[in-house]
Amino acid sequence: MSKWRISMARWLLRGAVRLPENGMGGRRPPAASDGHRPRHVAVIMDGNGRWAARRGLPRTSGHEAGLRALSSVLDGALEEGIEHLSLFCLSTENWNRPRAEIDALMRLAEDTFDSFGGYAERGVRFRWQGSEARLPSAVVDALREAEERTRRSRAMTVVFCFNHGGRDEIARTAADLARSAVTGRLDPDAIDESVFSRHLPLPELPDIDMLIRTSGEQRISNFMLWRAAYAEFFFVDTLWPDFTGDHLRDLVAAFALRKRRFGAVTGG
Ligand code: FPP
């Protein structure tokens, strides 16, 4: 990668690699002490294109601004003590976008995953969730290296859902189970929800507690369908590039007021 692209990525992420101030390896005390903290927050980062269009800028400028928002949200999530943060960066359907936009997103992704190393010092572990199909090998390498560089970090896991599709994930898991059954390693009658969950990519990732979508759209768009089964949804009008760590904190506070029943009946 060229020096220019590395410094551009660093500029986009400015402020994102501050060292921890509390000497706790990045693990800050939780900002609130209630029992309704979401363990797993997932975000559909929508609205980059509209943000750019409103300013007469190309869509790629919207994605660059989206990346700056991402640093603010990572900071906010660390401060809130969120354990798992999943980010919808590219869907299996996004390949239908104009070639120039896809190319720009691939370049931005490569630079981003390459330059996120400083987060390891703040306790952030990066994981990738998605399919290798159609991805340039440089992007796959950058994702794998980001996972490798941060594999010992424990404060927060950030999952880049890059070339991810919820149905694709379920279909691949089903194929994996079928292969095990065909070879006699798994009894088909033993397959239940918990066995299925254990065969998903990143099986250690818990179900989503809160799912945020920015930009006013109210749909799930094939995002982490299995794990979103009992997620609390938060649809906000803010376009993703304007979304900040403070917005995240407000939504986490709103989550604490939600009554979750998981299909059961509660008193009162
Ligand atoms: C949806 O907005 C956003 C995306 C498809 C890309 C999200 C990308 C980022 C937030 C940049 C950082 C991510 C990486 C790591 C590459 P949209 O383009 O659909 O917006 P619109 O609905 O207003 O057109």
Side-chain angles (χ1 to χ4, degrees), residues 1 5-6 8-14 16-17 41-77 85-119 124 126-130 134-136 138-147 150 158-166 211-224 235-245 247-248:
M1 188 168 54
R5 277 172 60 194
I6 291 173
M8 174 59 113
R10 291 210 172 115
W11 176 79
L12 288 167
L13 291 165
R14 70 189 188 282
V17 289
V41 176
V43 190
I44 302 179
M45 307 179 289
D46 196 12
N48 294 351
R50 276 163 285 170
W51 184 93
R54 285 178 195 173
R55 287 160 179 77
L57 296 169
R59 291 178 58 80
T60 48
S61 300
H63 296 315
E64 287 167 4
L67 195 50
R68 289 195 290 276
L70 182 53
S71 342
S72 169
V73 168
L74 289 182
D75 291 343
L85 178 70
S86 292
L87 303 163
F88 205 4
C89 302
L90 185 83
S91 82
T92 44
E93 288 73 36
N94 285 152
W95 295 97
N96 298 325
R97 294 184 175 216
R99 182 66 205 230
E101 183 176 347
I102 292 290
D103 288 348
L105 271 171
M106 291 301 147
R107 278 194 302 275
L108 198 57
E110 189 189 334
D111 296 353
T112 302
F113 306 139
D114 266 345
S115 58
F116 263 175
Y119 274 107
V124 175
F126 289 113
R127 303 304 309 272
W128 170 33
Q129 149 87 286
R134 302 176 72 174
L135 284 182
V139 172
V140 173
D141 290 348
L143 280 159
R144 294 276 180 236
E145 279 160 25
E147 286 191 311
T150 60
V158 172
V159 183
F160 292 121
C161 299
F162 195 81
N163 202 19
H164 161 86
L211 196 156
I212 301 166
R213 182 171 189 144
T214 57
S215 91
E217 308 291 351
Q218 301 194 1
R219 54 181 172 263
I220 192 165
S221 298
N222 196 19
F223 181 46
M224 283 202 174
F235 297 109
V236 295
D237 288 337
T238 313
L239 300 177
W240 173 254
D242 294 325
F243 195 82
T244 64
H247 289 104
L248 177 70

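Both counts, for ligands and for their atoms, begin at 1 and track the order of listing.
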Pull out every atom of ligand 1 sitting under 4.0 Å from any heavy atom of [X], numbered as shown with elements.
X	value
Asn94	5 (C)
Met45	1 (C), 2 (O), 3 (C), 10 (C)
Gly49	17 (P), 18 (O), 20 (O), 21 (P), 23 (O), 24 (O)
Leu67	12 (C)

Kindly confirm or rule out an N or O of [X] lying under 3.5 angstrom from an N or O of ligand 1.
X	result
Asp46	yes
Arg50	yes
Asn48	yes
Phe88	no

Hey, is Arg59 one of the residues with a heavy atom under 4.0 angstrom from ligand 1?
yes

Is ligand 1 less than 4.0 angstrom away from at least one heavy atom of Ser215?
no

Six-ring centre of Trp51, Arg55 cation under 6.0 angstrom, axis tolerance 45°
yes

Judged by atom type as modelled, is there a donor-acceptor pair below 3.5 Å linking the side chain of Thr112 to the main-chain atoms of Leu108?
yes

Which part of [X] is near ligand 1, with near meaning a heavy atom under 4.0 Å away: side chain, backbone, both or neither?
X	answer
Leu239	neither
Arg97	side chain
Trp240	side chain

Between [Y] and [X], is there a side-chain donor-acceptor contact under 3.5 Å, judged purely by atom types and distance?
X	Y	value
Thr60	His63	no
Trp128	Asn163	no
Ser221	Arg213	yes

protein heavy-atom neighbour closest to atom 11 (C) of ligand 1 works out as His63 O, 3.5 Å

Considering heavy atoms of the protein only, find what lies nearest to atom 6 (C) of ligand 1 and give residue, atom and distance to 0.1 Å.
Cys89 O, 3.4 Å

4.5 Å side-chain heavy-atom contact, Val159 and Leu85
no

Got Ser86 and Val43 here, is their nearest side-chain heavy-atom distance under 4.5 Å?
no

Taking all non-hydrogen atoms of both residues into account, name the closest pair between Gly49 and Arg59 and its distance.
CA-NH1, 3.4 Å

Closest heavy-atom contact between Phe88 and Asn222?
CZ-O, 4.4 Å

Phe113-Phe126 aromatic ring centre distance below 6.0 Å
no

